[in-house]
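Every chain is numbered from 1, with letters handed out A, B, ... down the list of sequences. Just so we're clear, the structure is a prediction, and the values are computed from it rather than from any experiment.
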2 protein chains.
Amino acid sequence: MQHWIIDSDPAGLPDWHEAFPDLKLVQAMAQVTPADQAGVLWCRLRSSAQLAEVLATLDFMAGLPVVVLSDEPDEALVMQALAAGAAGCCNSRAAPEVLRQVALVVSNGGLWVGQSLLQRLVGSTSKVFGQRPKEVKNERWEDKLSDRERQVARLVASGSSNREVADHLNISERTVKAHMSAIFEKLGLRDRLQLSLRINGLVGLS
Amino acid sequence: MQHWIIDSDPAGLPDWHEAFPDLKLVQAMAQVTPADQAGVLWCRLRSSAQLAEVLATLDFMAGLPVVVLSDEPDEALVMQALAAGAAGCCNSRAAPEVLRQVALVVSNGGLWVGQSLLQRLVGSTSKVFGQRPKEVKNERWEDKLSDRERQVARLVASGSSNREVADHLNISERTVKAHMSAIFEKLGLRDRLQLSLRINGLVGLS
DNA sequence: AAAGCTATTGGACTAAAGTACAGTTTTTGG
DNA sequence: CCAAAAACTGTACTTTAGTCCAATAGCTTT
């Protein structure tokens with residue numbers, strides 16, 4: 001899966017690189033060479049004026065689903081983007097795992113709609129929105145792990161082998177294993193597949 | 001993760017058992033013993049009149065998210081269910097992998113909204129809805145696998161080990177490995193984690 | 001300063017996972 | 001009926017994954 005991110009800032013955001021180690025960060029549409037394989041095209045909007053420009057070129061991105069990244073997304077923007085053919089719209093500073101989840105959904109033909117928007121669409125003060133999130137927040141996996149463990153967990157959950165994680169973080173494979181054991185212990189899991197389900201399980205609604 | 005399904009039919013549907021091998025199928029609310037661990041409570045509606053009855057008891061199901069199963073779900077029903085505190089509503093005859101995906105979403109505090117409803121909520125004839133699904137359908141993983149391979153793939157993708165799959169299907173572990181090799185070959189994958197991402201990747205929108 | 005958590009790594013080991021090669025039986029379609 | 005595909009199984013092997021025991025070093029809290 002190939003990820004193209006278009007942003008006027010050549011450095012992009014750190015989380016992007018963590019979310020997609022093999023990301024291609026470019027400054028203009030023209031630099032996007034439509035690969036034959038599957039992928040996602042992300043466009044960061046620096047101003048709302050840019051929206052029209054971006055959406056106008058969506059048609060040229062033949063196979064790739066397009067996700068709009070905005071620093072201050074509002075619901076109107078999301079609606080516009082979706083109506084114009086984008087597969088989703090989310091905050092530029094979304095956590096790496098959220099970005100990966102968005103990628104999973106849109107690369108399979110789905111649409112990504114954030115929970116806040118969905119809440120307005122449904123238009124009710126559902127008990128679920130009011131209550132469940134709190135219960136769940138008490139057992140967010142992120143809170144149980146150290147920074148390094150979280151980093152390892154994300155890479156593994158996205159399909160990397162221990163060897164690949166080790167190379168990517170410049171540590172020994174042995175250390176990766178140590179982190180994995182700690183992760184399993186802390187989260188009460190059995191293996192990396194369960195970890196993936198735990199981390200990627202919260203998909204579809206941000 | 002414990003799954004309780006309430007249905008007046010003591011046998012339930014075959015797909016339910018395939019989706020959740022360790023499912024607890026009961027005939028009445030009273031038979032649901034709220035386990036301390038995480039789980040999902042599924043209620044099958046046999047008539048729309050049952051809706052009020054079911055929703056009235058939602059409050060008693062302390063920790064468990066509730067998903068309404070309907071043989072003929074319509075958008076009004078889904079809206080009612082959500083507004084009353086249900087975490088989702090889907091077709092009783094949904095495919096096993098869809099059920100599992102619903103489970104993943106709701107057990108993590110999310111809401112499940114089907115694509116058709118979302119489409120109406122968004123209220124536009126988005127290009128994404130019109131075009132992408134067709135492209136994607138040409139490479140649906142289900143179409144590339146045999147019946148048995150599909151069955152194995154689903155179990156593995158939901159976190160089962162080879163041994164567990166073998167026991168569940170009453171075949172040798174060796175046979176499971178054979179199926180796995182065939183699956184990897186046909187789908188061009190490397191290991192079971194990639195398979196899980198491929199299968200569970202389409203999450204959040206049915 | 002001592003205690004505790006985190007990051008790091010090593011050796012050694014057990015257990016799964018995955019592959020290669022080879023074979024039988026059953027099912028399916030022409 | 002025959003051919004092809006699918007299902008099933010075995011032995012043997014290589015590679016990952018995961019665990020156990022042990023150790024060093026940095027950083028934080030009491």
Side-chain angles (χ1 to χ4, degrees), chain A residues 14 17-18 21 96-97 139-201, chain B residues 14-15 17-18 21-22 96-97 139-201:
Chain A
H17 292 89
E18 186 175 331
E97 66 269 26
E139 48 181 57
R140 281 162 43 91
W141 65 270
E142 293 97 322
D143 299 335
K144 293 184 175 179
L145 304 182
S146 68
D147 289 346
R148 200 55 156 172
E149 287 163 352
R150 213 173 302 132
Q151 203 171 11
V152 171
R154 283 167 181 154
L155 290 170
V156 167
S158 71
S160 301
S161 67
N162 289 341
R163 180 73 267 150
E164 289 168 339
V165 174
D167 290 343
H168 186 247
L169 299 181
N170 285 315
I171 57 180
S172 77
E173 184 176 349
R174 181 63 193 76
T175 306
V176 177
K177 287 186 176 183
H179 286 310
M180 289 299 286
S181 289
I183 292 168
F184 294 148
E185 173 67 26
K186 288 182 178 178
L187 300 183
L189 302 174
R190 211 172 52 177
D191 53 40
R192 58 211 298 113
L193 195 345
Q194 308 255 310
L195 176 63
S196 173
L197 292 175
R198 172 77 183 271
I199 290 184
N200 294 127
Chain B
D15 277 352
H17 293 89
E18 185 176 333
D22 58 343
E97 66 269 26
E139 48 180 58
R140 280 163 43 93
W141 65 272
E142 292 97 323
D143 299 334
K144 294 185 176 179
L145 304 182
S146 68
D147 289 346
R148 201 54 156 172
E149 287 163 351
R150 213 173 302 134
Q151 203 171 10
V152 171
R154 283 166 181 156
L155 290 170
V156 167
S158 71
S160 300
S161 67
N162 289 341
R163 180 73 268 149
E164 288 168 338
V165 173
D167 290 343
H168 185 247
L169 299 180
N170 285 314
I171 56 181
S172 77
E173 184 177 350
R174 181 62 193 80
T175 306
V176 177
K177 288 186 176 183
H179 286 309
M180 289 299 286
S181 290
I183 292 168
F184 294 148
E185 174 67 26
K186 288 183 178 179
L187 300 183
L189 302 173
R190 212 173 49 177
D191 53 41
R192 58 211 299 113
L193 195 346
Q194 307 255 312
L195 175 64
S196 173
L197 292 175
R198 173 76 184 269
I199 290 184
N200 294 127

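Rounded to whole Å, atom C1' of C:dA16 lies 14 Å from atom CD of A:Q194. Whole-Å rounding puts the B:I171 CD1 to D:dG10 P distance at 11 Å. Atom CD of A:E185 and atom P of D:dT19 are 9 Å apart (whole Å). Here the P atom of nucleotide D:dA17 and the CZ atom of A:F184 are 10 Å apart, to the nearest Å. Atom pair A:M180:CE and D:dA17:C1' shows a separation of 9 Å (rounding to whole Å applied). Per the geometry, CD1 belonging to B:I183 stands 13 Å off C1' belonging to D:dA6, to the nearest Å. At whole-Å resolution of the value, CG in A:L195 and P in D:dA17 are 13 Å apart. D:dT15 atom C1' lies 13 Å from atom CZ of B:R190, rounded to whole Å.
No salt bridge links B:E185 with B:R190; every basic N to acidic carboxylate O contact stays at or beyond 4.0 Å. Taking 4.0 Å as the cut-off between side-chain N and carboxylate O, B:E149 and B:K186 count as a salt-bridged pair.
The nucleotide whose nearest atom lies closest to any side-chain atom of B:K186 is, among D:dC8, D:dA6, C:dA7, D:dA6. Of the listed nucleotides (C:dT8, C:dA17, D:dA7), D:dA7 has the atom at the smallest distance from the side chain of B:H179.
For C:dT8, the OP1/OP2 oxygens have a side-chain nitrogen or oxygen of A:R148 closer than 4.0 Å. Proximity of B:R174 to the phosphate of D:dC8: no side-chain N or O atom is located under 4.0 Å from OP1 or OP2. Phosphate contact (OP1/OP2 of D:dT16, side-chain N/O of A:N162, threshold under 4.0 Å): absent.
Tested against A:E18, the residues A:Q151, A:H168, A:R154 include a single side chain to side chain donor-acceptor pair (under 3.5 Å) partner, A:R154.
Looking at heavy-atom distances under 4.0 Å, A:T175 makes contact with a base. Nucleic acid contact for B:A178: base, since at least one base atom lies under 4.0 Å from a heavy atom of the residue. At a threshold of 4.0 angstrom between heavy atoms, the contacts of A:S146 are confined to the sugar-phosphate backbone, with no base atom among them. Residue contacts shown for A:S172 are limited to sugar-phosphate atoms, with no base heavy atom under 4.0 Å away.
Take the nearest nucleotide of DNA chain D for B:K177 and for A:S181: the residue whose nucleotide is more 5' is B:K177.
Remark: side-chain polar atoms of B:Q194 are not paired, donor with acceptor, to backbone N or O of B:D191 under 3.5 angstrom. At least one donor-acceptor pair under 3.5 Å links the side chain of B:S160 to the backbone N or O of B:L155.
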